[in-house]
Number of protein chains: 2
Amino acid sequence: MEKTLSDLQPTVRPDGRLPDATVARLPVYLRALHTLAESGSETVSSEELAQLTGVGSAKLRKDLSHLGSFGTRGVGYEVRMLIELISTTLGLNRSWPVALVGIGNLGHALAGYAGFASRGFRIAALLDADPATVGEVVEGLTVRHVDELPEVVTEHQVSIGVITVPPTAAQQVADRLVAAGVRSILNFAPCVLQVPDGVEVRKVDLAIELQILSFHEHRRLEAAKQPADNQSKNGVLPSSLKPSNLKRRALRRFPGKGVNEEVIGG
Amino acid sequence: MEKTLSDLQPTVRPDGRLPDATVARLPVYLRALHTLAESGSETVSSEELAQLTGVGSAKLRKDLSHLGSFGTRGVGYEVRMLIELISTTLGLNRSWPVALVGIGNLGHALAGYAGFASRGFRIAALLDADPATVGEVVEGLTVRHVDELPEVVTEHQVSIGVITVPPTAAQQVADRLVAAGVRSILNFAPCVLQVPDGVEVRKVDLAIELQILSFHEHRRLEAAKQPADNQSKNGVLPSSLKPSNLKRRALRRFPGKGVNEEVIGG
DNA sequence: ATTTGTGAAAATATTCACAGCG
DNA sequence: CGCTGTGAATATTTTCACAAAT
């Protein structure tokens, strides 16, 4: 039977709650799907999409099953429909106004990220505490003083705050965002934010990612030192690579797309 | 009994493998511990450290228990010893040479991040494919052409590669890094990288984080629309905040520290 | 013939709760 | 008494494997 887009809204949500792990993967699927759509694919199987996203096909199917039953057995999923379904689920059909607080190096880089606007997000305001920065025009927006947060939030209906200030100032900025009514915060400052229940904080932390890599690199080196050791399970090979999942490389690269998208985001 | 630093290396690793979830949290503990050390604390209890890091105290104790038994019952943990223990575990006692590929907006921001060097990482080289950028001096380093990757990696013993190029170029850069012998990659490009087994890739993706926030914001709004609904469990409050974990705010802010650390990393 | 959707099994991760030590 | 360390209980996530659908 044909499935129409209007089937999307009312159906689904068997028990009502989407697993966190699933929510975290939906954006990944969405990106691959957009690329597929651009390259003209109309349908995709769980196996293909799994290859493209680096996720196991069973996991992918289970993820999608939480949104409902929209695949066609023997065929796969309609690309456009999946895009619509995931976008709707994530709330990406509207454009969320974002306030960016802290216009330093990273703030500049983020403000200049074109793809920001492209899907679901719009930088509504830039703010900073430094009088030297306030008033500066960055990417067409005049930087306003962080004291004006309450007005700015109301004015632009800001629902997401991005913090790119030094860690010493981050908590204060978070408090102000919360006081102004913002309930979703993306924190780039390397510190833990304390917020009341009901406020969602996500953290992006370069140092932590590097330190996790460091751990694995360290393990590798330690393992290489002890080649006598019984590295039976999940062992680290001394100096050559295991040539296992090479079939993955088969449909690795997407058909060329000319867009020179900026590096951050998607 | 006194515990000495030399106890650290030989002991521990009951079964041999540290849970991924634990590894991912160790850097968070480490940061809080550094702050505690700077403020002069000599010991810390699991409860305090839990407050500071936003992790449950039982989870924290279980995490630390994977590294061995280094606490003192009735007292807590020695801050300096925990720092040493976690640093050693993560392999942060040496300085890892990092190659940064892609000197655009974000690349510049990362190259300029002083705290990079501060703990365990050192930018050894900057590379780019754009002839206009190659030769430019950024933060004291001359940008080299990405074709020179093999030489650069050998020259500086690069063990970690950071990718900040547009997504269309990211896979190619990853392939070159791997070919040059790099086994740990931090990818800022919004795409999935395919690498052979044995290569560790971590991804930092602004758009994904925003989209996850979008989902929660969306849920919140949907929930607010249906106030008649039985929002019993994990319900979203319509317009005011639940004032629950307020005690957390008690020891929220660290004693003032003058360092004006840059925003990224730590 | 192929691929979805999903129970059931296995693996991971978190939380509880308390014995045991200082 | 206070706090660690940890088995046992619970929750979450992943993986398996196959019946059902087209």
Side-chain angles (χ1 to χ4, degrees), chain A residues 1-3 7 11-26 28-29 33 41-79 81-82 85 212 233-234 245 251, chain B residues 1-3 7 11-26 28-29 33 41-79 81-82 85-86 212 233-234 245:
Chain A
M1 184 205 288
E2 251 310 278
K3 277 157 200 141
D7 289 334
T11 334
V12 304
R13 307 291 162 82
D15 73 302
R17 193 140 227 91
L18 223 38
D20 284 351
T22 296
V23 173
R25 278 186 298 263
L26 290 181
V28 179
Y29 304 152
L33 286 164
S41 309
E42 309 225 321
T43 63
V44 65
S45 71
S46 63
E47 190 58 50
E48 288 174 85
L49 195 51
Q51 296 285 329
L52 291 173
T53 55
V55 168
S57 64
K59 200 194 286 190
L60 190 144
R61 285 200 302 279
K62 178 131 299 193
D63 281 343
L64 295 183
S65 79
H66 288 117
L67 310 183
S69 254
F70 293 101
T72 308
R73 293 169 196 230
V75 178
Y77 303 88
E78 259 188 65
V79 172
M81 154 163 289
L82 261 196
L85 174 62
I212 295 172
K233 192 192 164 193
N234 202 354
N245 60 349
L251 63 132
Chain B
M1 187 204 288
E2 252 306 279
K3 277 154 201 145
D7 290 333
T11 335
V12 303
R13 306 292 162 82
D15 74 300
R17 193 143 227 90
L18 223 37
D20 285 350
T22 295
V23 173
R25 279 185 299 262
L26 290 180
V28 179
Y29 304 152
L33 286 164
S41 309
E42 309 224 321
T43 63
V44 66
S45 71
S46 64
E47 189 57 49
E48 290 174 83
L49 195 50
Q51 296 285 330
L52 291 172
T53 55
V55 169
S57 64
K59 199 194 284 189
L60 190 144
R61 285 200 303 281
K62 179 135 292 191
D63 281 343
L64 294 183
S65 80
H66 288 118
L67 311 183
S69 252
F70 293 102
T72 308
R73 292 168 199 235
V75 179
Y77 303 87
E78 259 188 66
V79 172
M81 153 163 289
L82 260 197
L85 174 61
I86 295 177
I212 295 171
K233 191 191 166 194
N234 204 356
N245 61 348

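So you know, we letter chains A, B, ... as the sequences are listed, proteins then strands, and number each from 1.
Both A:A21 and A:V75 lie near DNA chain D, and the one whose nearest nucleotide falls closer to the 5' end is A:A21. Each of A:R61 and A:R25 has a nearest nucleotide on DNA chain D; the 5'-most of these lies closest to A:R25.
Comparing atom distances between the A:S45 side chain and each of D:dT22, D:dC3, C:dT4 picks out C:dT4 as nearest. The listed nucleotides are C:dT14, C:dT6, C:dA17; the one nearest the side chain of A:K62 is C:dT6. Of all nucleotides listed (D:dT15, C:dG5, D:dT4), C:dG5 comes nearest to the side chain of A:S69. The side chain of A:Y77 lies closest to C:dT4, out of C:dG22, D:dT6, C:dT4. Comparing C:dG5, D:dT4, D:dC16 by their nearest atom to the side chain of A:R73 picks out C:dG5.
Contact annotation for B:G74: base contact, defined as any heavy-atom pair under 4.0 Å involving a base atom.
Regarding A:K59, its NZ atom lies at a distance of 19 Å from the C1' atom of C:dT4, rounded to whole Å. Between A:L85 atom CG and C:dG5 atom C1' there is a gap of 15 Å when expressed in whole angstrom units. Taking atom CG of A:L67 as the reference point, atom P of C:dG5 lies 10 Å away to the nearest angstrom. Look at CD on B:E47: it is 9 Å from P on D:dC3, rounded to the nearest Å. Straight-line distance from the CG atom of B:L64 to the P atom of D:dC3: 16 Å, rounded to whole Å. For the pair B:H66 NE2 and D:dG5 C1', the interatomic distance rounds to 11 Å; values are reported in whole Å. If you measure from atom CG of A:D63 to atom C1' of D:dT13, you get 10 Å, rounded to the nearest angstrom. If you take CD of B:E78 and P of D:dT4, they are 13 Å apart, rounded to a whole angstrom.
Checking the phosphate oxygens (OP1, OP2) of C:dT4, a side-chain nitrogen or oxygen of A:S46 falls inside 4.0 Å. Taking only side-chain nitrogens and oxygens, A:T72 never comes nearer than 4.0 Å to OP1 or OP2 of D:dT22.
A side-chain hydrogen bond (donor to acceptor under 3.5 Å, both in side chains) with A:S57 is found for one member of A:E47, A:E48, A:K62, A:Q51 and no other, namely A:E47.
The two residues B:V55 and B:Y29 make their nearest non-hydrogen contact at CG1-OH, 3.6 Å. Taking each heavy atom of A:S45 and A:V75 in turn, the nearest pair found is CB-O, 4.3 Å. The two residues A:L26 and A:L18 make their nearest non-hydrogen contact at CD1-CD2, 4.3 Å.
Using a 4.5 Å heavy-atom threshold, the side chains of A:L49 and A:L82 count as touching.
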